[in-house]
Structure formats: C-alpha cells, structure tokens
Visitor: 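Have a look at the structure that comes next, please.
Reminder, nothing fancy here: chain letters follow the sequence lines and each chain counts from 1.
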There are 2 protein chains.
Amino acid sequence: MGVHGELQYPLSERAQHLLKVLVERYIREGEPVGSRTLARESGLDISAATVRNVMADLEEMGLVRSPHTSAGRVPTVRGYRFFIDSLLKVEPLAPGQVRRLQAEIEEAAAGSDPHELAERASGILSEVTRMAGVVTVPRTEFRSLRQVEFLPLSGNRALAILVVDEREVQNRVIETGRPYGAEELQRISNYLNEHFAGLTLEEIRNRLVQDMEETRAHMSRLMEEAIEMGRRALAAPPESEEDCVVSGETQLMGFRELSDVDKLRQLFEAFEHKRELLGLLDRCVRADGVRIFIGEESGYEPLGECSVVSAPYRVDGRVVGVLGVIGPTRMAYDRVIPIVDVTARLLGAALNPRA
Amino acid sequence: MGVHGELQYPLSERAQHLLKVLVERYIREGEPVGSRTLARESGLDISAATVRNVMADLEEMGLVRSPHTSAGRVPTVRGYRFFIDSLLKVEPLAPGQVRRLQAEIEEAAAGSDPHELAERASGILSEVTRMAGVVTVPRTEFRSLRQVEFLPLSGNRALAILVVDEREVQNRVIETGRPYGAEELQRISNYLNEHFAGLTLEEIRNRLVQDMEETRAHMSRLMEEAIEMGRRALAAPPESEEDCVVSGETQLMGFRELSDVDKLRQLFEAFEHKRELLGLLDRCVRADGVRIFIGEESGYEPLGECSVVSAPYRVDGRVVGVLGVIGPTRMAYDRVIPIVDVTARLLGAALNPRA
DNA sequence: TGTTAGCACTCCGATCTTCCGAGTGCTAAT
DNA sequence: ATTAGCACTCGGAAGATCGGAGTGCTAACA
C-alpha cells in the first residue's frame with residue numbers, strides 16, 4: 001500500500017489530521033462536513049477560518065470537494081485512498097469476534113460442497129458487515145483425488161464421479177467416443193485409482209499428458225483408454241458465472257447514497273453479470289492481504305458509488321479463491337478491513353485438508 | 001377457477017365489458033382510467049356520463065376504486081380476480097415461441113443437476129416474461145435409484161453417493177456408528193445395488209423399513225448393516241431454503257409501482273427468505289393448471305403489490321415441483337399465463353426419464 | 001327507466017416564490 | 001500564520017398559485 005496515495009506536495013501534519021477527522025466524520029454521519037464542525041471535532045485549538053484555509057488546500061489537491069458552494073466538504077476518491085493508505089489504523093478484530101466468525105465458518109465448512117460453502121461464507125460476510133458479501137468458489141486444482149468412478153450412460157456418454165479430498169464430490173458427463181460397459185469402466189477406474197489417487201488434480205492432469213506422449217508405444221489398450229478417459233474427466237471445467245457468489249445485496253438498499261432506483265438497478269444488474277466481478281476480484285489475487293477498490297478505481301461503472309474490500313484466501317499457501325465485501329464508498333473501513341482479512345484466513349483454514 | 005370471482009349481484013354484459021376494457025387499458029398504460037377515455041376505448045356508443053354511472057356500480061361492488069377524488073379508476077384485487085377468472089381469454093402460445101422455449105429448456109436440462117436446472121428454468125422464465133422467475137427444485141422421491149456407492153471417511157462417517165436416473169448424483173455424509181473399511185462398504189453397496197437398483201427412492205425407503213421389521217430374525221449381519229446404511233443414505237433430506245430458486249429480481253426494479261426503495265427492499269428481503277415463498281408455492285400443487293395469486297391474496301405482506309402466476313410441473317403424472325413468475329399486479333396476464341403453463345409442461349417433459 | 005349534457009367541485013401535481021440557515025471566500029486586523 | 005468579520009451563494013423546505021383531469025349530481029330527454 002502507499003503507492004497509490006502519493007501526492008505532489010507533502011501534507012502538513014495538521015492537514016492530514018484534519019483530513020482524517022473529516023473522513024471519519026463523513027463516514028459516520030454521511031453529510032458534508034463544514035469548517036466549524038471540523039474545527040470543533042478536530043481537537044485542535046484552531047478556528048473555523050483556519051480550517052477553511054486548509055480545506056482550500058485539500059480541495060486543490062483533489063482530496064476533498066464540496067458538493068456545492070455552500071455545503072461542507074466530502075472526501076473524493078483520492079481522499080479516501082490517502083485516508084486508507086496513510087491515515088487509517090486498523091485495530092485487529094476482537095478475539096471474541098474472531099471466535100464467533102471461526103465457529104460460523106467451521107460450521108459452514110462441515111460437510112458442504114465448495115459452492116455451498118462459498119454461499120455460506122458470503123452470507124456470513126454480508127451479515128456481519130451489513131453489506132453485500134462476495135466469495136469465489138475455491139479452486140480445486142491443488143487438492144488431491146481420492147477416488148474416481150465411471151458409470152455408463154446412454155449413448156456414447158459416461159458419468160465420471162470424482163471424490164476429492166474426503167469431502168467433495170464432482171460429477172461430470174463425458175463423451176466417450178463409443179459405448180462402454182460397466183465392467184470395462186470398472187477396470188478403467190481401477191487403473192486410474194491405482195495410479196493417481198492421492199495426487200492433486202493438477203498433477204494428475206500433467207501426468208496424463210506426459211504418460212500419453214512418453215509411453216504411447218508400449219501402452220496397453222486398457223492404459224490408453226484409461227488415460228483418455230481420465231483426461232476427459234479431469235479437464236478443467238470452464239470458468240462459470242457460478243464460480244462467484246454474491247449475497248446480501250439487499251443490505252445495500254439501506255444506504256442513502258444508493259437510494260436512487262436507477263443506480264440501484266444498475267448495481268444489481270452488475271451483480272448478475274458475475275464475469276466482470278470475477279475479473280475485478282482476480283486482480284487482487286496477487287496482493288498479499290486485503291485489497292481495496294474505491295469507487296471508480298474498480299474501473300467498473302456500476303460500482304461507481306461503491307467500494308470493494310477483498311482478500312485472497314489460501315490453502316497450503318496457494319491462493320484458491322477470493323472473498324470480499326461490497327458496500328458504499330462511505331463505509332467503515334476500519335471495521336470491514338479486519339473482518340475481511342480474518343474471514344479470508346479462517347476460510348482458508350477451514351478448507352485445509354484435515355489431519 | 002371461477003369460484004373466487006362470485007359476486008353478490010350479477011354484472012350486466014356492458015359492465016363486464018367496461019371492466020375488461022378498463023383492466024386491459026390499466027395494465028397497458030399504468031394510469032388510472034377516466035370515464036371519457038373508457039367511453040371512447042370501449043367501442044360502445046356510450047357517453048362518459050353513462051360510464052360514470054357504471055363505474056359507481058363497479059366501485060360499490062369493490063371491483064374498482066379511484067386513488068383519489070379526481071383520478072380515473074383502477075382495478076382492485078377483486079377486480080383483477082374477476083377479470084382473470086371470467087373476462088380474460090388466454091390465447092395459446094404461438095408455436096414458434098413454444099419451440100424456442102422448448103429448445104432452451106432442453107438445453108438447460110441436458111447434463112445439469114436438478115438445482116442447476118431449476119436455476120436455468122427460472123432464468124428462462126424471467127428473461128421471457130421480463131419479470132422475476134421462481135422454480136422449486138424437482139423432488140427426486142419418485143425417481144429411480146441407479147446405483148449407490150459408499151466411501152469411508154475419517155471417523156465414524158461415510159460418504160454415500162447415489163446415482164439417480166442416469167443424470168443426477170447426490171452425495172451425503174452419513175454417520176455410521178462405527179468405522180467401516182472400503183471392502184466392507186463395497187459389499188454393502190453391492191447388496192443394496194442388487195436388491196434395490198431400479199426402484200424409486202420412495203419405494204426403497206418403504207421397503208427398507210419393511211424388510212427391517214419383517215425379517216429381523218433371519219437376517220445376516222451384512223443385510224442388517226446394509227439396510228441400516230441404506231436407511232441413512234436415503235433419509236429424506238431436510239427441506240432447504242435452497243429448494244426454491246428465484247432469479248431476475250432485478251427486472252422488478254423497472255416497474256413504476258415498485259419505485260419506492262423501501263417497498264422494493266421488503267420485496268427483495270422476501271426473496272431471500274425462501275421458506276415463505278415455498279409455502280406459497282406449495283399451495284398451488286393441488287391445482288391442476290396455472291394458479292394465480294393477486295396482491296394480498298398471497299397472504300404475504302411484502303408481495304402486496306405483486307402477483308404470482310404459478311403452475312406445478314409433473315414427471316410421470318406426479319407433481320415434482322412448482323414454477324412461476326412474480327411481477328407487479330399490473331402485469332400482462334394474457335401473455336404470462338400461457339408462458340408459465342407451457343414452461344411447466346416443458347420442464348416436466350424434459351425431466352422425464354429418457355428412453 | 002336508462003341515458004345524456006351541463007356544471008360546480010375536488011384534488012393532484014407542476015411550477016414558482018419565498019425564506020432561512022449553513023457554509024464559503026475574501027479582507028483586514030492581530 | 002491565524003483569526004474575526006462580512007457579504008455572498010446555494011440548496012432545500014414550506015407555502016402559494018394554477019391548470020387540468022375527472023368526478024358526482026341534477027335536470028332534461030328518449
């Protein structure tokens with residue numbers, strides 16, 4: 001962080017303090033802050049007129065603006081940015097809160113498939129922040145295959161059942177080129193289970209390609225078919241709109257700044273087109289911790305009045321998904337940031353293969 | 001139909017016609033209809049004053065009302081009811097439309113699990129009606145078991161995998177009382193598959209209870225365990241909020257009558273608490289065809305300004321689910337009713353076990 | 001008896017005005 | 001550099017006005 005908030009001119013201690021108080025107050029009250037109020041609130045022994053001078057500077061730097069001549073000031077996107085990067089100090093979440101979250105996440109993780117888990121996690125985020133929660137379904141690439149089964153279907157199709165990691169069952173219909181009988185399929189699954197159970201899906205995928213090329217010469221018919229079948233069954237499923245779960249959108253209807261039905265509609269439509277959201281969230285997988293997009297920073301029009309606070313979550317040190325919270329730009333970042341941060345860790349932990 | 005719309009006093013032909021024209025016009029334009037307009041629009045050679053007299057009658061009977069002294073009239077719930085039950089004639093859907101729907105439904109049905117199918121169907125309904133679609137996930141009670149497998153999990157738990165009807169795979173974690181090994185479980189599934197594959201889940205459930213009681217005496221250990229395991233694996237899953245899928249809620253934000261953010265919020269919150277919706281939809285499984293709830297008729301406050309047009313869908317003659325459309329009371333019933341009707345049939349057909 | 005023209009009346013909503021308070025920018029004094 | 005003072009701006013709330021659409025009622029008419 002920090003790189004975003006660089007300013008041409010350094011800001012005096014006092015100006016920074018005033019900006020901080022202004023943003024905090026605006027977040028709390030939702031109304032433009034006037035010089036008088038700010039002078040009083042700041043704790044500094046300073047007159048309104050002085051504050052006005054400072055405000056003029058801040059305005060020139062693009063950190064605040066006034067909605068009209070005779071209103072107070074509100075933070076601009078840059079103002080929020082600077083506030084978050086340099087002024088905000090985030091308290092760690094109270095241990096009690098952490099425990100509560102942990103309990104909820106673990107309960108959600110017990111015996112739900114990944115999609116359901118994402119739903120639950122998103123619901124939890126939404127409930128505790130009173131804004132919208134968003135969670136991507138955890139990637140299963142790096143989790144290990146426990147067992148695979150094939151069942152014949154009508155025509156040249158078969159049903160592949162993958163059991164991953166004790167918990168999750170994926171099933172896919174695959175084209176087989178010709179009809180296979182149950183026993184044949186049984187032999188194929190035996191072969192695959194023998195050779196690949198315990199490896200991660202990704203490893204298996206690589207191995208399959210490799211085996212195919214290396215040993216093509218002295219491969220038995222069975223092996224060949226098994227490998228082909230495995231390839232089809234394990235082919236990475238297409239990125240789906242369903243990989244991104246949003247919930248608690250309704251919460252956003254409570255905010256003044258979103259009381260315009262048209263804006264609201266745009267926003268909600270955005271939630272339906274999850275592909276864009278996915279793109280946005282993807283941008284934060286490289287970041288190590290919490291990443292924040294303020295208003296237009298997301299580069300996504302309908303989120304103009306909103307901020308996204310997001311964090312990747314990991315299993316075994318690998319990023320397998322992203323979660324976050326979407327709310328009005330004017331949100332209590334100091335409260336939301338640690339929540340997102342902790343939830344990401346907890347979700348990762350809950351996903352870790354058990355002992 | 002019909003029983004709802006009984007009136008104390010019979011309505012003259014002319015009054016009925018005027019009511020019909022009024023409702024149609026109101027649905028089209030969304031604004032109270034005045035006597036002058038109505039006189040012109042009715043096609044009858046009649047003066048505005050006469051219309052006013054008729055209106056007074058209709059108002060007394062509670063079929064129309066005026067929002068305020070000097071506005072035109074709008075239909076009341078009873079007015080809509082009478083309109084739908086007695087005045088509306090529904091054209092069957094154009095063959096082209098039917099084919100389009102059919103194509104979409106069948107595409108959706110191909111290789112999706114029931115939940116996904118419900119989502120897709122709901123999406124289709126929403127898209128074609130430009131209102132919100134709602135679909136309950138089809139019950140699997142009456143579909144036949146194809147195969148069952150058990151895999152050991154850690155602790156006293158096992159994973160049960162049920163393959164139902166060629167297409168769908170359900171999996172559940174069950175408590176087993178003691179740890180079981182893979183071979184043991186294999187024998188148990190073999191036993192169950194041998195005896196029960198091909199029967200419907202419900203039949204199996206009954207048989208299991210029956211077998212348990214009848215043959216307790218001369219039952220082998222294996223049988224006993226297999227039956228107990230089967231019982232657990234097939235136990236009816238609890239009714240879940242997820243059994244009801246709503247989509248396209250956003251569409252509702254376009255309607256004038258729902259432009260109040262608070263109302264809208266209530267409505268959207270209602271969509272999140274699907275249990276109530278389920279209750280409402282359940283009330284229409286006994287009806288044979290399309291059933292309509294107008295505004296307060298649903299008995300569900302947040303739907304006050306909305307109507308629900310719903311129909312059960314069947315597989316093998318049995319109702320396995322309900323689908324419908326939710327929109328403003330002022331909706332084009334003549335268009336929506338056949339769509340819901342046809343979609344229900346098509347969905348049923350698409351769910352029918354293939355040859 | 002049912003229909004119609006005429007008329008006085010009501011009420012909504014759009015438009016305009018007024019007015020107050022909050023807040024600003026600027027200037028001059030400290 | 002800071003402050004008090006002051007003229008000025010602007011938004012928004014609270015009326016005031018006004019036109020139009022539509023009504024109910026009455027009296028005349030077929």
Side-chain angles (χ1 to χ4, degrees), chain A residues 9-19 21-23 25-26 28-76 79 256-257 259-260, chain B residues 9-19 21-23 25-26 28-76 79 256-257 259-260:
Chain A
Y9 306 110
L11 222 47
S12 74
E13 277 297 320
R14 193 175 63 181
Q16 297 197 16
H17 179 71
L18 285 175
L19 178 59
V21 175
L22 182 143
V23 175
R25 162 107 190 180
Y26 181 68
R28 203 156 8 91
E29 307 284 339
E31 264 158 30
V33 187
S35 52
R36 179 185 309 277
T37 323
L38 197 47
R40 213 183 318 109
E41 200 112 326
S42 70
L44 306 178
D45 193 12
I46 243 177
S47 82
T50 311
V51 172
R52 285 203 282 279
N53 289 328
V54 178
M55 283 318 175
D57 296 348
L58 292 180
E59 184 146 19
E60 202 167 348
M61 285 188 262
L63 295 170
V64 304
R65 65 188 179 81
S66 34
H68 58 85
T69 324
S70 99
R73 302 304 210 293
V74 302
T76 61
R256 252 207 257 33
E257 44 266 80
S259 58
D260 175 45
Chain B
Y9 307 111
L11 223 47
S12 75
E13 278 297 320
R14 194 177 61 179
Q16 295 196 18
H17 178 71
L18 285 175
L19 178 59
V21 176
L22 182 144
V23 175
R25 162 106 191 179
Y26 181 67
R28 204 156 9 90
E29 307 284 340
E31 264 158 30
V33 187
S35 53
R36 179 184 308 276
T37 324
L38 198 48
R40 211 181 321 108
E41 200 112 324
S42 70
L44 306 178
D45 194 13
I46 241 177
S47 83
T50 311
V51 173
R52 285 204 281 280
N53 288 329
V54 178
M55 284 316 178
D57 297 349
L58 292 181
E59 183 147 17
E60 202 168 348
M61 285 188 261
L63 296 170
V64 304
R65 64 187 180 81
S66 34
H68 56 86
T69 324
S70 99
R73 302 303 210 292
V74 300
T76 61
R256 251 206 258 32
E257 45 266 79
S259 58
D260 174 46

Visitor: For residues 64-73 of chain B, which residues have at least one heavy atom under 4.0 Å from DNA chain C?
Guide: B:His68, B:Thr69, B:Ser70
Visitor: Suppose we screen for salt bridge (charged side-chain N to carboxylate O under 4.0 Å, His left out). Which residues come up paired with A:Glu29, at least two apart in sequence or across chains?
Guide: none
Visitor: Taking salt bridge (charged side-chain N to carboxylate O under 4.0 Å, His left out) as the definition, give me every residue that meets it alongside A:Arg25, ordered by chain and number, with sequence neighbours left out.
Guide: A:Glu41
Visitor: Taking side chain as C-beta onward, heavy atoms only, is A:Ser66 less than 4.5 Å from A:His68?
Guide: no
Visitor: As an exercise, state the distance from CG of A:Leu58 to CG of A:Leu22, rounded to the nearest 0.5 Å.
Guide: 8.0 Å
Visitor: To the nearest 0.5 Å, what is the distance between CZ on B:Arg14 and CD1 on B:Ile46?
Guide: 4.0 Å
Visitor: Could you check whether any side-chain heavy atom of A:Val64 comes within less than 4.5 Å of a side-chain heavy atom of A:Glu59, counting everything from C-beta outward?
Guide: yes
Visitor: Pairing donors with acceptors under 3.5 angstrom, does anything connect the side chains of A:Arg65 and A:Thr76?
Guide: no
Visitor: Calculate, to the nearest 0.5 Å, the distance between atoms OG1 and CG belonging to A:Thr50 and A:Leu38 respectively.
Guide: 11.5 Å
Visitor: Using the heavy-atom set of chain B and a strict 4.0 Å cut-off, write down the first and last nucleotide of DNA chain C that makes it in, 5' to 3'.
Guide: C:dT3 to C:dC12
Visitor: Can you sort out which residues in residues 30-39 of chain B have a heavy atom within less than 4.0 Å of DNA chain D? Ascending by number, please.
Guide: B:Gly34, B:Ser35
Visitor: Of all the heavy-atom pairs spanning A:Pro32 and A:Val74, show the shortest one and how long it is.
Guide: CA-CG1, 3.8 Å
Visitor: Could you give the distance from CG (A:Asn53) to CG (A:Leu18), rounded to the nearest 0.5 Å?
Guide: 11.0 Å
Visitor: At what distance, to the nearest 0.5 angstrom, does CG of B:Leu19 lie from CG of B:Asp57?
Guide: 12.0 Å
Visitor: Please list, by residue number, the residues of residues 46-54 of chain A whose heavy atoms come closer than 4.0 Å to an atom of DNA chain C; answer none if no residue qualifies.
Guide: A:Arg52
Visitor: To the closest 0.5 Å, what do you measure between CD (A:Glu13) and CD (A:Gln16)?
Guide: 5.5 Å
